[in-house]
2 protein chains.
Amino acid sequence: MTIKRLPSYFRVLDELTKEDVEIVSSTEMGRRTGFSSEQIRKDLAYFGAFGTRGVGYNVSVLRRRIRSILGLDRTLPVALVGAGNLGRALAHYNRNQQQHMRITHIFDINEEIIDRPVAGIQVQDAREMGRIVADTGIKMAIVAVPREAAQKTVDLLAQSGVKAVLNFAPVRVDAPEEVVVKSVDLTSEMQSLAYYCR
Amino acid sequence: MTIKRLPSYFRVLDELTKEDVEIVSSTEMGRRTGFSSEQIRKDLAYFGAFGTRGVGYNVSVLRRRIRSILGLDRTLPVALVGAGNLGRALAHYNRNQQQHMRITHIFDINEEIIDRPVAGIQVQDAREMGRIVADTGIKMAIVAVPREAAQKTVDLLAQSGVKAVLNFAPVRVDAPEEVVVKSVDLTSEMQSLAYYCR
DNA sequence: AATTGTGAAGATCTTCACAGCC
DNA sequence: GGCTGTGAAGATCTTCACAATT
């Protein structure tokens, strides 16, 4: 709900920081994010009132606050499971993007790519994943394995202490209540868009 | 709303077809998709009643009906714009997946990859995109360009007759009312998941 | 004068509950 | 007896409208 929109606000606040803007109104944030100004005020008020009536929001204060709410004030280590086409693309993408979260471990079962580097990270044997993830205390994982392997992968990750999973396998996966799974199914997205192509 | 869920139903119906199941209840569909049975019945009833009371839904009839609603009874040609890491991964992914929609054109502005093949398709010069998309009547496009180029890319696609866009650039893009844009922002997805990692 | 924060109204989406049909 | 189709109730999400504050 609100959490889903915070990253948009965060991105806009980054833009505004680069533009040396110090104060921003909910209306201007709305113009840049596509959400309504009331929505934005409600969202921000939900975590405590950060604005000044008659003035607006202090960009740097609000940015830091959202960063802290999202837990991005410390760089978050991420495990990537599956180094096929999609997994490798995600690894490269992540390397070129962010500082707030970084893929630090990559796992696969394919003998041919184990020990080889992908985006500067050595691929590790997926059979050791449980131990390594638990030992390093990794809390977030990206699953880019074939659909048949997805449920077992998520089971193992959950068991190893992972709290959030971004799943790219086109299948529904169950997880214990304390683990959040967000699925991105590219085939489904495209199929639903096909509806609008007549 | 309903449209978003149809691809899940479609996938389950494919599974059931492979398992030689002829009749399925909304309860069983719910078990497999994670949606409630009432939800599923409402969704299906919205497009006309396909079930038989006391019995269930005929798998092959329902599958064909959903395929037709989504417009996937003819293979849909798709243009991919941007052949960087992500674009190339999407091209390979699409080649290995589906028959219902196929990437038939790839465009980029990088001279070094124009005319080279990606996933068996020759990359074309993005400066010719408008003409080619309009001439071939392509209605769906995947945008995997840098954020700075996203809005102009969508503008050109919309102008060339595209009706649906799957956008991977991490930025809000505006489009005319008759064009549907669905954005998948991997950074945003990960950032909102970070919230659950404490 | 401008802009936030928020209760109330409105819209949308989901679940409940059961009549209707096989 | 079992399952669909659906109006009504409930829940959730969004917008409206305005008092509070600078």
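First the proteins, then the strands, lettered A, B, ... as listed; each starts at 1. This is a predicted model, so every value here is computed, not measured.
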Can you measure [X] atom [atom1] to [N] atom [atom2] for me and round it to whole angstrom units?
X	N	atom1	atom2	answer
B:R53	C:dC21	CZ	C1'	6 Å
A:R31	C:dT3	CZ	P	14 Å
B:N58	D:dC3	CG	P	16 Å
B:F47	D:dT6	CZ	P	14 Å
A:Y57	C:dA2	OH	C1'	13 Å

- Message: Categorize A:Y46 for me: base, sugar-phosphate, or nothing, with a 4.0 angstrom heavy-atom threshold over every strand shown.
- Response: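 The answer is nothing, as A:Y46 stays clear of every strand by at least 4.0 Å.
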
- Message: Over all strands shown, is B:S26 touching base, sugar-phosphate only, or nothing at heavy-atom distances under 4.0 angstrom?
- Response: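 Here B:S26 touches the backbone only, sparing every base.
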
- With sugar-phosphate taken as primed atoms, P, OP1 and OP2 and all else as base, the protein-contact string of nucleotides 11-16 of chain D at under 4.0 Å (heavy atoms; B, S, -) is --SSBB

- Message: If only side-chain N and O atoms count, and only distance matters, is there a donor-acceptor pair under 3.5 Å linking B:D155 with B:Q151?
- Response: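 Judged by distance alone, the side chains do pair up.
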
Could you check if a side-chain atom of [X] sits within less than 4.5 angstrom of a side-chain atom of [Y], using non-hydrogen atoms only?
X	Y	result
B:I66	B:L44	yes
A:T187	B:R11	no
B:E28	B:R32	yes

- Nucleotide nearest A:A45 when distance is taken to its side chain, options D:dG5, C:dT6, C:dC22: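 Closest nucleotide among those given: C:dT6.
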
- Query: So, A:E178 and A:K139, do they make that salt bridge, N to O below 4.0 Å?
  - Reply: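 Salt bridge flag = no for A:K139 with A:E178.
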
- Message: How close do A:V143 and A:T153 get, counting heavy atoms only, and between which atoms?
- Response: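 Distance-wise, the nearest heavy atoms are CG2-CG2, 4.0 Å.
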
